[in-house]
Each structure stands twice: as structure tokens, then as C-alpha cells.
Amino acid sequence: MKHIIYKVTGMLLALTTTLSSCDKDFEEINTDPINILTTTPDKLLAPALVNTLSTNMNRNRNFNNELMQVTVSISDGDATVFRYEFRRTWSDYTWNNWYVQLKNFKDIYAKASEPENLNTSYQGISLISQAWVYSLLTDTYGDVPYTESNQGKDGLLEPAFDNQKDIYLDLFNKLEEANTLLSQGKEIVPSSDPVYNGNVVAWRKFGNALYLRLLTRVSAKSDVSAATVAKIKEIVEGNPSKYPLMDNNAASATIRWTGEAGSGPYVNPYVNAVRAQDFRSPGMGKFFIEQLRDWNDPRIIPAYGIEGINSLGINPGGDSYSGVPSGYVVGEDVIKSAYFYSYETLSNNKAIGARSLQQSPLTGIIMNYAELQFILAEAAVKGWISGSAENYYNNGIANAINYWVPRFPADVSSETFTDYVSGADINWDATLSLEGKMEQIHLQKYFALFLVDMQQWFEYRRTGHPVLPKGAGMRNNGVMPARMAYPVYVQSANPTNYKAAVAAQGPDEIFTNVWWQKP
């Protein structure tokens, strides 16, 4: 019996020793060196920016461009966007992706607020990015979850919808705070920033330009117009050191794509997300391409005698540029006449060959300097600021072209520029009515907003400019859709708050105006 007890005791001692040795280095061995559990703001910023911009570019291509007659699909099928008719399933993609990236931007702010990672610049960039994405959400859908959004991890699975007015007022607060935080000039890791390579001052300029975009968007609402117009004047004419603004094309907020599939850190999303044949399949819209053709515009006129190759990536049908009329009747015989192609340039500005916009480094636009100039032109026309509407208008045109065609001077006093506007007959006309001047400004702004998410659509809904032709085949009574409907799953996943939002805003349909569109 004693022998058995000794044997069992020995077994227990051996087991204890074995367990003890197994415990050695347990945590280190079982920690995944790749999928880390903690992070820092510099690791989160680039993926969030790239993923947001990729979402925007994809919806620009197949939604905004179709609504706004940049492209026209050759289709007699149901729910064609260019006929102002689309399925509710269109809503899911942007809703889902934008809210995911908002969580990442909020995590950047949280991480940058921790004592060990404290960095006011990352905090400011996070707030600008949140304002950017939330504005896209509310301008697309209207009232959306805002105050209670992105709290699922904390158990808040059914967030309330905030009304658009309250969202906008808080976006202004975010941009004010961002401007203050960035004014402290705290350095960030350059490689973490695909937009400005760590230039904190440039982020501050972009944030204030975005502020002007959003102030202008709600400026017609009587309950906020006085405050928004006063703020516009303060930003533009107040102390420039307090609200610095973009001052040239180089200050535009863009991600310059650096490689094709499998090369470079930031690949144009059109490379992986869209097949080449699908990318080229829509015809160029008649309104878009023939305006540029008639202006003899350098953005489409082939450079250096290379036929069919140009900076906006448009290839003429035959020997001239022509487009497909938008809203054509089902069954009508239309011919697709132009495709997206582009050329690549070297430092000496010599074209070296055809290159699709699918690989272009220039397509990743968040907000460009030309847009800011047209915002200021409108503000001057309406008497909100004292600057020259004509100067802002001309600067907008010159820089919109210069962005795509560097050989075209951004200097509005140059002979090249004056010859262009005179030949195109788009000189500023001070004798026009307010609406006439708005048409002048917004026709040019329309081209400056080429590839900029859904800003053409938002601005058309706000102003009714530029005046777009309406084909006989258009649905929705020929009225531009005012919003996307909410994703269908929201009705079942968040029924109480969904019903409250519909009761407050109006029917969950594409014809229901959002707050800033209502009289």
C-alpha cells in the first residue's frame, strides 16, 4: 500500500512539474505577432482614409455619374440609375462602409487622447474625417444615427436617428475643435498620412475648406442662414492665421495612388474593384462630353497630337467627341461613343502612352482647391463676402483644368487662360441675374467636381444647377432623386428608431427631401 502511495505521489509531482513547464512563456507563445490587440493612431489613419475614399469612388462611378449625366449606361433593364430609378439595395454599400470607417476614425481620436499616445493633431484629423464621412451620410440619406452611432460594442444596438439640422450643427463644432487642435502643430508620422504626408497645416486648411462646403450647403435654411453666412464671412475675411485655407492645387485633399494591383501601398480602387470591360462599358453622357468638346477644352482635346488620348481619359468616337443622351426611352437606339482612357505624363510633360483612369494617380479626390474657389465665387455673388466673384470663378476654372492638365497654367492672367475662356465663350458675365450667375458658377463647378464622391449630386439638389436636360424615359416624374432610401435591413434591425425617423423626415422614398432641401 505504501508503495502505491509513493507511486501516485510521484505521478502528481511529475504532472505538476509538467504543468509548470507548460506555463513557461505561455503568453508570449500565444500572442499573434501580426493581428495585434492594441494599436496607435498612426496605424489606423491610412486604412480608414483609403477605405472611405474607395467607397466614394465606386459610388461616384456607378451612381453619381449616372444621375448627373457624366456617364450613361447602355441598358433597357429595370432600375437604371440614369433614369432616376434604382433599387433599395443601392443603399447598403455606402451605409455599411461609411459607418465601419467612422468607427475607425473615432478609435483614432480615442487612441490619440490616451496619455501614452496623446497627440492633438491626430485628434484634429480624426474630427475632420468624421465630419467628412457624417456629411456624406446625412447628405445621402437625411436623418441618420449620429449621437448614438458606433456604440454596438457597448451594447447599444439600436441607435436613434438624429435630425439633419442637429447633425450639421455638431459637424460645425467638430470642425471648430479640429482647427483649434491642429493649430498646436503637433507632429504626426508622415507615412501614416496618405493625404498630406504629415503636413498638419495642410490638414487644417482642408478642414476649414470642408467647413465652408458644409456651411454653404445649409445656408438657404432660414433657421440657420444668418449664423452660417456670418461664419462664412469670418472664415474668409477674418484673421487668416485663425482659419487658414487651401491656397493652390497642391493643397487639395487627395490620395495620390502609387501603384497598380500588387505594387505600391495605395492602389487605385478601380484596379481591383472593377473589371476593365465594366469600367469602360458606360457611354459618356452627352451633356458632359459635348460641353467640353464645344469649349475645345484641354481636359479632353488630345495632347501632343496623340489621337484618342487625353487627361480626363476620354476617347472620341470616330473623329469627334459625342455622347449618349441621358434618360433615353427604353428601346431607343443609342450608340455608346466614348470610353474612359487616360495618358501618363513625365516631368517634361510628354505623353508616353495610353493609360486607363483605372490606374491614374489623380482620381483619389476628397476635396480640391477648385471647389473652394467656386464656393467663394457663390459667396461673393450673394454678398456674403467682399471678394470678386469673377476672380474666384476664373481661379476655379483654371485650377480645375490645371489639376488634370499641368501644362495648362493656373494663372488666370496668362494668355493661355484668357484665350481659352474667350474661345469657349465662358467669360464671366456681370450683367446676368443671380440665377444666371449661379448657372455660370455651377456649370464650371460641375466639371471641377468630376470624380469627387457624390458632390455633383448634392450640389444639384441644393441649387438646381447646372440645368440638366431631361430625357423622355426618366422615371420619378423626371425629378432628380433627393436621397437614397435607408437600407432594408434597418427596418428590422432598428424598427422603433426607423419608424421615428420616417415619421419625422417623411416617407422612406427617393423623392423625400432632406432638411436642407426643404423650403
Side-chain angles (χ1 to χ4, degrees), residues 53 55-75 80-86 90 94 140 268-270 273-274 278-295 297-301 310-317 321-328 334-342 356-358 360 362-365 367-368 370-371 374 397 400-401 403-405 439 442-471 473-474 480-481 484:
L53 188 53
T55 297
N56 297 354
M57 287 176 62
N58 282 318
R59 271 296 177 258
N60 168 273
R61 186 189 73 86
N62 55 24
F63 186 80
N64 175 88
N65 286 357
E66 291 283 297
L67 284 179
M68 293 301 297
Q69 303 189 22
V70 176
T71 59
V72 182
S73 294
I74 310 302
S75 174
T80 47
V81 176
F82 72 87
R83 291 194 182 96
Y84 297 173
E85 182 181 40
F86 47 91
W90 278 93
T94 45
T140 300
N268 188 325
Y270 292 150
V274 188
D278 293 335
F279 187 82
R280 295 193 299 266
S281 63
M284 292 307 304
K286 181 180 178 68
F287 178 82
F288 180 85
I289 190 65
E290 294 184 12
Q291 295 267 11
L292 295 176
R293 178 199 66 193
D294 294 345
W295 294 338
D297 195 284
R299 285 169 287 191
I300 70 162
I301 300 305
N310 54 76
S311 58
L312 277 196
I314 296 161
N315 185 42
Y321 296 91
S322 58
V324 180
S326 188
Y328 61 86
V334 294
I335 300 175
K336 177 175 50 181
S337 59
Y339 301 91
F340 279 129
Y341 285 97
S342 179
S356 168
L357 277 185
Q358 283 189 282
S360 172
L362 300 176
T363 56
I365 308 169
M367 184 175 184
N368 59 39
E371 179 187 348
F374 290 120
I397 295 172
I401 297 173
Y403 179 84
W404 294 100
V405 189
E439 177 67 14
H442 283 274
L443 177 59
Q444 296 301 324
K445 188 175 184 180
Y446 166 88
F447 288 99
L449 291 175
F450 176 63
L451 298 187
V452 186
D453 54 70
M454 296 193 285
Q455 295 304 315
Q456 287 177 330
W457 181 43
F458 299 157
E459 283 296 89
Y460 181 86
R461 288 160 46 198
R462 178 178 74 88
T463 67
H465 297 288
V467 176
L468 298 173
K470 295 183 179 180
M474 286 181 171
M480 175 66 72
M484 281 189 185

Worksheet item: Given the rule in the side-chain contact (heavy atoms from CB on, under 4.5 Å) test, do Met284 and Arg293 qualify, once you have shown the distances and angles that lead to the verdict?
Response: CA-CA 12 Å; Met284 292 307 304; Arg293 178 199 66 193; over 6 Å; no
Would you call [X] and [Y] a side-chain contact if the rule is heavy atoms closer than 4.5 Å?
X: Trp404; Y: Pro298; result: no
X: Gln69; Y: Lys286; result: no
X: Phe287; Y: Pro466; result: yes

Main chain of [Y], side chain of [X]: is a donor-acceptor contact present, judged purely on distance under 3.5 Å?
X: Tyr446; Y: Tyr460; value: no
X: Glu439; Y: Val467; value: yes
X: Ser73; Y: Ser75; value: no

Item to complete: Report the C-alpha separation of Leu468 and Met480 in whole Å, then their side-chain angles, then the decisive distance to 0.1 Å, and conclude whether the side-chain contact (heavy atoms from CB on, under 4.5 Å) test is met.
Response: CA-CA 10 Å; Leu468 298 173; Met480 175 66 72; 4.1 Å; yes
Worksheet item: Does the separation of the ring centres of Phe447 and Phe288 fall below 6.0 angstrom?
Response: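 That pair passes the under 6.0 Å test.
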Who are the side-chain hydrogen bond (donor to acceptor under 3.5 Å, both in side chains) partners of [X], not counting sequence neighbours?
X: Gln456; answer: Asn64
X: Thr463; answer: none
X: Thr363; answer: Trp257, Asn268
X: Asp453; answer: Gln455

ring-ring contact (aromatic ring centres under 6.0 Å, His included) with [X]: which residues, sequence neighbours excluded?
X: Tyr84; answer: none
X: Tyr328; answer: Phe82
X: Phe374; answer: none

[X] versus [Y], closest heavy-atom pair with distance:
X: Val452; Y: Asn368; result: CG2-ND2, 4.1 Å
X: Met57; Y: Pro269; result: SD-CG, 3.6 Å
X: Thr71; Y: Pro282; result: CB-CB, 3.8 Å
X: Tyr403; Y: Leu362; result: OH-O, 2.6 Å
X: Ala448; Y: Ala370; result: CB-CB, 4.0 Å

Please list, chain by chain and in numerical order, all residues satisfying side chain to side chain contact (heavy atoms under 4.5 Å, CB included) with [X], sequence neighbours excluded.
X: Asn62; result: Arg59, Trp90
X: Thr140; result: Trp98, Met454, Trp457, Phe458, Met484
X: Glu85; result: Arg475

Practice prompt. Not counting sequence neighbours, which residues clear salt bridge (charged side-chain N to carboxylate O under 4.0 Å, His left out) with Glu371? List them please.
Written response: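 Checked Glu371 against salt bridge (charged side-chain N to carboxylate O under 4.0 Å, His left out); matches are Arg213.
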Discussion item. Would you say Glu290 and Ser322 are linked by a side-chain donor-acceptor pair, where the criterion is simply a distance under 3.5 Å?
Written reply: no
Practice prompt. Give the intermediate values and the outcome of side-chain contact (heavy atoms from CB on, under 4.5 Å) for residues Ile401 and Ile397.
Written response: CA-CA 6 Å; Ile401 297 173; Ile397 295 172; 4.1 Å; yes
